[in-house]
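Report on the structure given below.
On a predicted model such as this, the values are computed, not experimentally measured, just so you know.
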Amino acid sequence: MTRQLALPFLLAALSLPALADSYSLPKNVAFEEECTSCHIAYPPQMLDARSWQHMMNGLANHFGTDASIDDRRRTAIADFLARNSGGRKTGRTVDAKGNPLLRITETARFERKHRDVTAATWKRASIKSPANCAACHAQAAAGDYSERSISIPK
Amino acid sequence: MMRSTPFMETDMRHISILAALLIAAGGAHAESPRDFLTRFEKEAGAAASPERGARFFTTKQSGEWSCASCHTDKPTQVGRHAKTDKAITALAPVANAERFTDAAKVDKWFRRNCNDTLSRLCTAQEKADVMGWLLSLK
């Protein structure tokens with residue numbers, strides 16, 4: 001009896017960290033001012049250090065837009081991202097050619113978490129793109145991606 | 001007590017010099033939207049044309065986006081980033097007192113956004129025209 005009960009409990013316990021989809025956003029003025037002008041503060045934990053490093057070295061063409069900033073701030077933000085990066089927690093961190101992934105939406109963790117979302121849903125006018133976290137995760141700007149604050153718009 | 005007086009006077013003098021410097025430095029940094037219009041017109045060597053600025057702002061130049069793609073064609077309103085959908089506070093000074101008050105920010109955003117919409121930097125005349133139009137909005 002005890003053993004029969006133990007297994008589900010053990011599985012439930014193991015799955016807890018995966019359910020805790022909240023990220024603490026460490027305070028950083030440069031990060032907030034520069035990185036949140038055009039998009040929400042994507043948690044530094046969502047990519048590994050090497051990905052952030054490549055991102056910060058290519059701001060003049062940041063996913064098709066010029067996001068260049070002055071060097072002093074760039075260095076400060078790069079250090080901040082490296083310190084708070086996700087390490088191996090993001091799952092796969094390189095593409096098929098071995099280059100660091102720059103899109104959080106291409107990480108193994110993101111794909112696993114969103115495998116039930118259909119292509120049609122992503123394309124809804126109210127969502128626009130998988131990078132628009134706040135469309136469904138109401139508290140995304142605060143780092144809260146938990147199940148209870150998800151509401152998929154029509 | 002007697003001995004402290006000369007020191008205090010020196011301190012006071014230093015403090016007033018420091019205060020004067022701080023006020024001067026503060027004055028040099030806090031800019032107004034009009035200052036940018038003046039600066040761009042001076043650089044262009046010609047007056048701004050708000051009409052030309054409006055056309056420039058609301059029509060696509062050589063890129064996928066125009067200024068209005070994110071700032072809307074009524075920049076007294078809140079805009080939305082064309083790609084991420086994030087809200088962008090109103091650009092027109094009449095609707096947003098924080099706009100065009102910091103030279104570093106103004107230069108940064110003209111550089112980046114001109115690159116995105118024109119694949120080049122804007123000319124002083126283009127910037128003067130846009131400033132002229134934004135300042136004419138009520």
Side-chain angles (χ1 to χ4, degrees), chain A residues 25 29-43 46 55-56 58-74 76-77 102-105 110 121-143 151-154, chain B residues 28-31 56-57 60-72 75 77-93 95-123 126-127 130 134:
Chain A
L25 289 178
V29 174
F31 172 72
E32 278 162 36
E33 284 188 8
E34 300 294 349
C35 304
T36 69
S37 308
C38 301
H39 54 70
I40 61 152
Y42 297 121
M46 286 189 175
M55 185 102 64
M56 296 307 289
L59 288 179
N61 185 353
H62 184 63
F63 305 106
T65 69
D66 182 348
S68 55
I69 53 175
D70 74 70
D71 250 8
R72 202 170 47 87
R73 279 214 138 170
R74 193 183 59 80
I77 295 170
L102 298 185
R103 292 181 191 276
I104 291 165
T105 52
F110 184 97
T121 305
W122 288 125
K123 284 187 197 125
R124 281 178 197 164
S126 52
I127 297 176
K128 270 185 149 171
S129 126
N132 187 10
C133 308
C136 305
H137 300 274
Q139 302 301 320
S151 165
I152 299 174
K154 291 291 159 211
Chain B
H29 279 284
E31 269 134 332
F56 177 84
F57 193 94
K60 284 181 191 172
Q61 303 297 315
S62 53
E64 214 180 306
W65 296 343
S66 69
C67 310
S69 301
C70 296
H71 293 293
T72 84
Q77 302 174 351
V78 170
R80 287 206 167 268
H81 193 281
K83 201 160 171 183
T84 67
D85 216 31
K86 187 173 195 283
I88 299 172
T89 56
L91 185 60
N96 186 351
E98 281 179 30
R99 291 293 192 177
F100 303 99
T101 55
D102 178 333
K105 277 190 185 171
V106 169
D107 290 339
K108 177 181 84 173
W109 285 104
F110 265 122
R111 184 187 76 241
R112 286 163 51 159
N113 293 356
C114 291
N115 256 336
D116 285 347
T117 51
L118 304 149
S119 308
R120 62 164 172 83
L121 297 179
C122 290
T123 64
E126 287 164 340
K127 291 190 272 190
V130 166
L134 290 175

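Checked by atom type and distance alone, the side chain of Asp116(B) pairs as donor or acceptor with a backbone atom of Asp66(A) at under 3.5 Å.
Minimum heavy-atom separation, Arg111(B) to Ile69(A): NH2-N, 4.0 Å.
To the nearest 0.5 angstrom, His81(B) atom NE2 is 11.0 Å from Asn132(A) atom CG. Expressed to the nearest 0.5 Å, how far OG1 of Thr84(B) lies from CZ of Phe63(A) amounts to 12.0 Å.
With a 4.5 Å cut-off on non-hydrogen atoms, Ala67(A) touches chain B through its backbone and its side chain both.
Put simply, the side chain of Lys108(B) reaches to within 4.5 Å of the side chain of Glu34(A), judged on heavy atoms.
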Exercise. After noting the C-alpha distance and the side-chain angles of Lys86(B) and Cys38(A), does the key distance pass the side chain to side chain contact (heavy atoms under 4.5 Å, CB included) rule?
Worked result: CA-CA 6 Å; Lys86(B) 187 173 195 283; Cys38(A) 301; 5.9 Å; no
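Annotation: Glu64(B), atom CD; neighbour count of heavy atoms from other residues, nucleotides and ligands within 6.0 Å does not exceed 12.
Counting heavy-atom pairs under 4.5 Å between each of Ser68(A), Ser37(A), Ser129(A), Cys133(A) and chain B puts Ser68(A) at the top.
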